[in-house]
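The structure displayed is predicted, hence computed values, not measured ones. Order of appearance sets the numbers: ligands from 1, and atoms from 1 within every ligand.
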Amino acid sequence: MLGAQGMLGRDLVEILFPSYEVVGWDLRDLDITQAREAQEKIAHLHPRIIINCAAYTDVDGCESQPGLAFAVNAEGVRNLALAALAVPARLIHLSTDYVFDGVSQRPYIEDDPPSPLNLYGRSKHQGEIFLRESGADHLIVRTAWLYGPRGKNFVEAILRQAEAGKDLRVVDDQRGSPTFTRDLSFAVRDLLEGGVQGVSHVTNSGSCTWCEFAREILRQKGMRTIKVHPISAEELGRPAKRPAFSFLDCSRYEKVSGKKMRPWEEGLKDYFLFRGMERKPKGGET
Ligand SMILES: NC(=O)c1ccc[n+]([C@@H]2O[C@H](COP(=O)([O-])OP(=O)(O)OC[C@H]3O[C@@H](n4cnc5c(N)ncnc54)[C@H](OP(=O)(O)O)[C@@H]3O)[C@@H](O)[C@H]2O)c1
């Protein structure tokens, strides 16, 4: 597994183990932009399956660092695809709702043509193209709006501001599906076990705007006195443009796994349980 120390990677390693013998690598173990190193290290390990959670995920940062974005999110994926082909191993690769432009009137299906609005989305789309063209046995899992107990995320950003007693201004003209990394990890395991190929969309079910997401976070934490003011993405003025509507249709996942992803509000409840457990001091420590 590449990107094993990332927000999703850490949960995925935990969920796959011990059913699978998992070797977790991150940037210090293998820089996926280095083609030869990737070939050699992967050939030496000789895995049956490669899962790529490694990416340059700073969406605004990609606008000022397009070289790095394409090196990691596109060429890095090609390097892994060629390494997978040589072993041969199956490559499961994580991609994003940001490959779409957000103008659709209905949830995006896997076959909808990508048309990314920002550099992050373009680099991730190029990674998908390289992987498809490589001829490697592969699955692309597109997901969205991730948050998990082991990473910087929107939930924590909202709580930090709320705990400081600040009223919030949150974007209300972008809609998507907040997705708990543990729920996604179980779904990736289902897809892996089902031998699914091609592309599969996976998010928690339902959708909301960032503003509605923030209100639900505060509601679940009982912080009702904090006000959340809706603003437009334009008012926020971030460097990267984001799709207004990035709701992914997950019916392919449901069909192949026979399971339904639970509503995003339920995923959030569980996130708070996990977060609580991880923050409890361990017994015996002084
Ligand atoms: N987060 C989201 O909301 C979201 C939404 C849709 C799709 N996704 C996709 O889901 C996947 C996992 O995302 P995430 O949020 O878990 O990402 P993350 O927390 O940023 O983790 C990415 C990991 O990749 C590592 N990495 C960066 N450059 C690398 C390189 N050249 N070689 C090897 N490893 C490298 C990073 O290491 P360092 O930390 O040391 O740089 C980090 O551990 C990504 O493919 C992402 O595009 C994420």
Item to complete: Establish whether L85 and I32 are linked, either directly or via other cluster members, by ILVMFWY side-chain heavy-atom contacts under 4.5 Å.
Response: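 Shared cluster, no.
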
Fill in: Path from L117 to V59 over hydrophobic side-chain contacts below 4.5 Å
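No; tracing contacts between hydrophobic side chains, which count when under 4.5 Å, never links both residues.
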
Residue part near ligand 1, for [X], under 4.0 Å between non-hydrogen atoms:
{"X": "F154", "answer": "neither"}
{"X": "T57", "answer": "side chain"}
{"X": "R142", "answer": "neither"}
{"X": "L30", "answer": "backbone"}
{"X": "S95", "answer": "backbone"}

Hey, are [X] and [Y] close enough for a salt bridge, meaning a charged N less than 4.0 Å from a carboxylate O?
{"X": "R182", "Y": "D270", "value": "no"}
{"X": "R142", "Y": "E110", "value": "no"}
{"X": "E156", "Y": "R160", "value": "no"}
{"X": "K221", "Y": "E163", "value": "no"}
{"X": "K269", "Y": "E266", "value": "no"}

Looking only at protein heavy atoms, which one is nearest to [atom], and what is the separation?
{"atom": "atom 25 (C) of ligand 1", "answer": "D26 OD1, 3.5 Å"}
{"atom": "atom 48 (C) of ligand 1", "answer": "L146 CD1, 3.6 Å"}
{"atom": "atom 12 (C) of ligand 1", "answer": "C53 O, 3.5 Å"}
{"atom": "atom 31 (N) of ligand 1", "answer": "D31 OD1, 2.9 Å"}
{"atom": "atom 8 (N) of ligand 1", "answer": "Y120 OH, 3.8 Å"}
{"atom": "atom 28 (N) of ligand 1", "answer": "V72 CG1, 3.8 Å"}
{"atom": "atom 34 (N) of ligand 1", "answer": "A54 CB, 3.5 Å"}
{"atom": "atom 29 (C) of ligand 1", "answer": "L27 CD1, 3.6 Å"}

Worksheet item: Are there protein heavy-atom neighbours of atom 39 (O) of ligand 1 below 4.0 Å?
Response: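 Answer no: nothing from the protein, no heavy atom, is under 4.0 Å.
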
Provide the number and element of each atom of ligand 1 under 4.0 Å from a heavy atom of [X].
{"X": "Q5", "result": "43 (O)"}
{"X": "T143", "result": "6 (C), 7 (C)"}
{"X": "G6", "result": "19 (O), 21 (O), 43 (O)"}
{"X": "L94", "result": "10 (O), 11 (C), 45 (O)"}

Worksheet item: Quick one: do the Y108 and D101 side chains pair a donor with an acceptor below 3.5 Å?
Response: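 Yes, side-chain donor-acceptor contact under 3.5 Å.
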
Practice prompt. Would you tell me whether D60 and Y120 have side-chain atoms, one donor and one acceptor, within less than 3.5 Å of each other?
Written response: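 Distance-only check fails for D60 and Y120.
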
Worksheet item: Taking the minimum heavy-atom distance to atom 23 (C) of ligand 1, which of P178, G3, A71 ranks first?
Response: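 Nearest option to atom 23 (C) of ligand 1, by heavy atoms: G3.
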
Practice prompt. Return yes or no for this condition: an N or O of T96 is under 3.5 Å from an N or O of ligand 1.
Written response: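 Between T96 and ligand 1 (N or O atoms, distance only) the closest approach is not under 3.5 Å.
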
Discussion item. Is there a polar contact between ligand 1 and I32, counting only N or O atoms under 3.5 Å apart?
Written reply: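 Yes; the residue has a nitrogen or oxygen that sits under 3.5 Å from a nitrogen or oxygen of the ligand.
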
Quick one: does [X]'s side chain have a donor or acceptor within less than 3.5 Å of a partner on [Y]'s backbone?
{"X": "E63", "Y": "L119", "result": "yes"}
{"X": "Q220", "Y": "E265", "result": "yes"}
{"X": "H46", "Y": "H44", "result": "no"}

Practice prompt. Calculate, to the nearest 0.5 Å, the distance between atoms SG and NE2 belonging to C211 and H229 respectively.
Written response: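 These two atoms lie 9.5 Å from each other.
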
